[in-house]
Enquirer: 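Questions regarding the structure given below will be posed in turn.
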Amino acid sequence: MNAGLLDGLNAEQLAAVTLPQESALILAGAGSGKTRVLTTRMAWLIQTGRVTPMGVLAVTFTNKAAREMLARLSALLPINTRGMWVGTFHGLCHRLLRTHAQEARLPAQFQILDGQDQLSAIKRLMRAQQVDETRYPARQTQQFINAQKEAGQRPAQVEAFDARTRALRDLYVGYEAQCQKEGVVDFAELLLRSVELLRSNEVLRLHYRARFIHILVDEFQDTNRLQYQWLKLLAAPEHAVFAVGDDDQSIYGFRGAEVGNMRDFEREFALERVIRLEQNYRSFGNILDAANALIRHNQGRLGKNLWTRAGAGQPVRVYEAFNDGEEARFVVEEARALMAEGLPLSQIALLYRSNAQSRVLEHALFAAGIGYRVYGGQRFFERLEIKQAMAYLRLAAHGEEEGAFLRVVNFPPRGVGTRSLELLQSTAREQGSSLYQAARQSTLTGKAGAGMSAFLACIERLKEAASALPLAELVATLLQESGLLAHYRADREGADRVENLEELVAAAASFEHESELSDLQAFLSHASLESGEHEAAPGLDALQLMTVHAAKGLEFQAVFVCGLEEGLFPHENALTQSDGLEEERRLMYVAITRARDRLYLTRAQSRMLHGQVRYGLRSRFIDEIPPALCRWLSPSAKSSMPRRLLNQPTGDLPQPAVQAVSPAPALGLPFFMGQAVRHEKFGYGVVLQCEGGGGDARVQVNFRDVGVKWLALGYARLVAQ
DNA sequence: TACATCTTTATTTTT
DNA sequence: TAAAGATGTA
């Protein structure tokens, strides 16, 4: 009976899926069938009667991963997955807090602030408290508060030894009070509140502990401290936590992810086994060997080596372009060749470290008439017009939320100016009431202006509509009543926004409500927790452009990793951060392991960065890949060849697209900008600038190991490479 | 209040 | 370079 379920699993996968009831860590390498193991494990537990669907808790980081897990589970088993606790950390915490709002000291209709909402709430607070925003930028305050929450700390626990930290802590205090007053909760608060609720409320804790016999965690390496605490609270000692992760793919340290949770988990849950999934079903051998060799340069790994039955496949192609434009041209030509071989465009990915790099690539693709799609950027529920519409909805549902009120009280413009708002805010503060209440009072006493009265009347009508109409009709009504639709229709450049607003009605119509909540409340939460897809329009065959971060979890037949230069990838900012370089290397590891058949690594000797030409050294990551796995396609530029490869035959190279042109030496100096040089003490570097001539000529050199230095040519023994 | 001009700054980002 | 934020002008 199990044969179908367990069919085709390899020995390690099988061992993981059928583990006895004990906590375990599954070290799942890239492309090792991680999701399959996770879903099959869940199905197997249920099918063999070890747990009921309601006794399972499965947690992921993204809505997409949660949806995929549910979809695959329903495909494996004929069960109703509705009501199962499968979701993101935030989604599940939200569910917990809705169910126990009172115990968590939250109003029943609490609203969720996304990152944008949180930032504007903090700006509003700082203005009210007259904090100098040049000394304390709102962004930093936001980061501070989130970091504290993610460390599980309330203001009282924050140690402040200096004035700055004290000021930030005070803002944290004020921010908490403001949120509590308005009945809003930010992302980090969803988690922290849940942790505090479970910690302080023993009845609840025991209830959930009795229920969740099996807890499964996806992408465990990305958990932060708070998420790990949450797991520990929900996991009864006798129950099993099945954590799947890959320390080598931990690339979110910068936002609080703690790879250390893996080691802690191993220790604190007294794990008997760590299962390694090392057989890779995605890439050919050369690509895996490149990834393995690269990641071996990191210290303190849990250790893992990917292998495949697929054979070596193609060599890794390396190309050093003269500049960024030429790098893009190379990518375009190769992409064309791959297309000619019959590869669909959607199977080719262009990966880069930072978004700014997409511009040159896009330009070249556009000029070549190749369809492409750039990932990232603004998402549906983050768009201004959608935010505005949602603000009306939030006011209809809730009313006390100042952020929503301020966002649309004068939008579309109805003559509510700064003065009347300031007046309103001070009365509200005096009375300790919300802006909405204060505004209502001002209409009763006849003090409100026409615009304000119209606004309030609109909200009143929406409140009525909210209880009388189905969701989609409510949204349609709101668009009319508020004047949003009319406003954007009148705008010559508002066509896109009108389209989006209409799509919001469609989204509301297709939104399927969750059991106990009203449609409206559920829709509001949905909009905050799932800000909309970043995915391609299906059926559109386009080349895929994205950052390496965005590519995590995806795979493509051909992958180009562009901009492999010191300073860019690894990024210069990362070098000063602890664990920064290793995280960059993991990022490179993720990039490499996205490729199935073909991997290209490209780099430009110079590129335009911040409006200036920059000469970068070849990324150390290229050098960390064994030359035997690579084929160099670069034009003859000698200085750009790897030193150890200079005498190696290059095989049947295609003709280079563009010949590299050496810039003429300037001012009769023996060195020119962009030239690779070597210094006895400082090592390898690239010439950035030349100055003077004759006896007191100086050159500025960017050394790989010691950074930028000025050298007087009269003294320094600099050798051209 | 809206628009123009200037200054500043420049990773990665889900929920 | 180019976008966002800040400041100044009609």
Side-chain angles (χ1 to χ4, degrees), chain A residues 59-66 87-95 112-119 123 133-134 137-139 142-143 146 149-150 185-192 194 218-219 222-224 226-227 230 249-257 324-325 351-360 363 375-379 381-382 410-411 413-419 421 451 525-534 546-553 563 567-577 580-581 583-584 586-588 590-591 607-614:
Chain A
V59 62
T60 62
F61 272 86
T62 64
N63 292 298
K64 187 182 163 204
T88 62
F89 278 100
H90 293 86
L92 296 178
C93 285
H94 171 242
R95 195 159 171 177
I112 302 166
L113 301 185
D114 67 15
Q116 277 180 48
D117 300 335
Q118 185 190 33
L119 185 63
K123 281 187 180 158
E133 275 203 53
T134 50
R139 280 223 163 274
Q142 182 185 30
Q143 278 163 7
N146 287 338
K149 289 189 178 187
E150 273 157 23
V185 159
D186 61 44
F187 286 141
E189 186 73 22
L190 284 170
L191 272 149
L192 183 53
S194 302
D218 190 18
E219 305 275 17
D222 288 338
T223 52
N224 63 31
L226 200 51
Q227 286 157 338
W230 185 82
Q249 291 187 70
S250 164
I251 56 173
Y252 286 108
F254 70 92
R255 64 173 198 220
D324 45 359
L351 308 185
Y352 36 80
R353 174 67 241 262
S354 68
N355 287 304
Q357 287 169 257
S358 75
R359 234 189 90 248
V360 187
H363 185 80
Y375 285 71
Q378 224 182 20
R379 290 167 325 157
F381 284 105
E382 289 168 357
N410 194 36
F411 197 93
R414 39 173 84 85
V416 180
T418 342
R419 335 167 270 299
L421 268 185
S525 304
H526 168 83
S528 306
L529 288 174
E530 197 165 342
S531 30
E533 292 307 322
H534 251 168
M546 66 192 88
T547 63
V548 182
H549 282 93
K552 190 177 166 212
L568 232 200
F569 198 179
H571 197 280
E572 55 196 348
N573 295 357
L575 300 180
T576 56
Q577 289 158 24
L581 179 61
E583 182 150 318
E584 295 290 301
R586 293 192 289 268
L587 200 51
M588 182 66 184
V590 167
R607 78 170 59 234
M608 203 62 150
L609 202 66
H610 309 327
Q612 279 188 321
V613 180
R614 292 244 315 221

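Keep in mind it's a predicted model, so treat the numbers as computed, not measured. Each chain gets a letter, A, B and so on, in the order the sequences are listed, and its residues count up from 1. When reading the values below, keep in mind they use all heavy atoms of this one structure, side chains included, and skip hydrogens, waters and symmetry mates.
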Enquirer: Can you tell me, in whole Å, how much space there is between the C1' of dA3(C) and that of dT14(B)?
Expert: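 Taking atom C1' in both dA3(C) and dT14(B), they lie 24 Å apart.
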Enquirer: Looking only at the side chain of H610(A) (C-beta and beyond, no hydrogens), which of the listed nucleotides dT13(B), dA10(B), dT14(B) gets closest?
Expert: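 My answer, after comparing the listed nucleotides, is dA10(B).
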Enquirer: Students often get this wrong, so: under 4.0 angstrom with heavy atoms, is F61(A) touching a base, only sugar-phosphate, or nothing?
Expert: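 Sugar-phosphate, backbone atoms only, no base.
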Enquirer: Kindly say whether G415(A) contributes a backbone atom to a donor-acceptor pair with the side chain of N410(A) at under 3.5 angstrom?
Expert: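 Indeed, once roles are kept as given, a pair shorter than 3.5 Å links the two residues.
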Enquirer: What is the separation between atom CG on L119(A) and atom C1' on dA4(C), rounded to the nearest whole Å?
Expert: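 Computing the L119(A):CG to dA4(C):C1' distance gives 13 Å.
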Enquirer: Quick check on dT1(B): is either OP1 or OP2 less than 4.0 Å from any side-chain nitrogen or oxygen of R419(A)?
Expert: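 Checking R419(A) against dT1(B): no side-chain N or O falls below 4.0 Å of OP1 or OP2.
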Enquirer: Counting only side-chain heavy atoms from C-beta out, which of dT11(B), dT12(B), dT15(B) sits nearest to N355(A)?
Expert: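 Nucleotide nearest to N355(A)'s side chain: dT12(B).
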Enquirer: Would you mind reading off the distance between Q116(A) atom CD and dA4(C) atom P, rounded to a whole angstrom?
Expert: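 Distance, rounded to whole Å: 12 Å.
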Enquirer: Strictly distance-based, threshold 3.5 Å: is any side-chain N or O of N63(A) a donor or acceptor partner for the main-chain N or O of L529(A)?
Expert: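 Yes, N63(A) side chain to L529(A) backbone: donor-acceptor pair under 3.5 Å.
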Enquirer: Quick one: on DNA chain B, does S528(A) or S354(A) contact a more 5' nucleotide (nearest heavy atom)?
Expert: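 Its nearest nucleotide being more 5', the pick is S354(A).
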Enquirer: Looking at dT11(B), dT15(B), dT1(B), which one has an atom nearest to any side-chain atom of Q577(A)?
Expert: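 That would be dT11(B).
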Enquirer: What's the CG-C1' distance between N63(A) and dT13(B), to the nearest Å?
Expert: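 In whole Å, dT13(B) C1' and N63(A) CG are 14 Å from each other.
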Enquirer: Looking only at the side chains, is there a donor atom on one of S354(A) and H571(A) sitting less than 3.5 Å from an acceptor on the other?
Expert: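 Short answer, no.
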Enquirer: Let me know, please, whether E584(A) or A188(A) comes out on the 5' side of the other along DNA chain B by nearest nucleotide.
Expert: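 Closest to the 5' end, via its nearest nucleotide, is E584(A).
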Enquirer: Stacking here means centres under 5.5 Å and planes under 30°; does F187(A) stack on dT14(B)?
Expert: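 The base of dT14(B) is not stacked with F187(A) (the test needs centres under 5.5 Å and planes under 30°).
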Enquirer: Does the side chain of L568(A) come within less than 4.5 Å of Q357(A)'s, by heavy atoms?
Expert: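 Yes, side chains in contact.
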Enquirer: Take the protein atom CD of E572(A) and the nucleotide atom P of dA10(B), then report the distance between them rounded to whole Å.
Expert: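 My rounded result for the distance is 11 Å.
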Enquirer: Check the geometry between H571(A) and dT11(B) and answer yes if their rings are stacked (centres below 5.5 Å, planes below 30°), otherwise no.
Expert: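 H571(A) vs dT11(B): stacking yes.
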Enquirer: What integer distance in Å separates H526(A):NE2 from dT14(B):P?
Expert: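 From H526(A) NE2 to dT14(B) P: 16 Å.
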Enquirer: What is the distance, to the nearest angstrom, from the CZ atom on F89(A) to the P atom on dT13(B)?
Expert: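 Rounding to the nearest Å, CZ of F89(A) and P of dT13(B) are 21 Å apart.
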Enquirer: So if I take every side-chain heavy atom of R359(A) and compare against dT15(B), dA2(C), dT11(B), which nucleotide ends up nearest?
Expert: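 Ranking dT15(B), dA2(C), dT11(B) by closest atom to the R359(A) side chain puts dA2(C) first.
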Enquirer: Please report the distance separating the P of dT13(B) from the corresponding atom of dA4(C), rounded so that it comes out in whole Å.
Expert: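 Nearest-Å result for dT13(B) against dA4(C) at atom P: 16 Å.
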Enquirer: dT11(B) C1' sits how many Å from Q357(A) CD, rounded?
Expert: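 For the pair Q357(A) CD and dT11(B) C1', the rounded distance is 10 Å.
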Enquirer: Which of these nucleotides, dT1(B), dT1(C), dT13(B), is closest to any side-chain atom of T418(A)?
Expert: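 Of dT1(B), dT1(C), dT13(B), dT1(B) is nearest to the side chain of T418(A).
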Enquirer: Give the rounded distance in Å between these two atoms: CZ of F569(A) and C1' of dT11(B).
Expert: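 Rounded to the whole Å, the gap is 11 Å.
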Enquirer: Are any side-chain N or O atoms of E583(A) and backbone N or O atoms of G253(A), one a donor and one an acceptor, separated by less than 3.5 Å?
Expert: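 Yes, E583(A) side chain to G253(A) backbone: donor-acceptor pair under 3.5 Å.
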Enquirer: When you check the side-chain N and O atoms of E382(A) and Q116(A), is any donor under 3.5 Å from an acceptor?
Expert: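 On atom types as modelled, these side chains do not qualify, holding no pair under 3.5 Å.
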Enquirer: Pick base, sugar-phosphate or nothing for N410(A), based on heavy-atom distances below 4.0 Å to the nucleic acid.
Expert: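 Counting heavy atoms under 4.0 Å across all strands, the contact made by N410(A) is with sugar-phosphate only.
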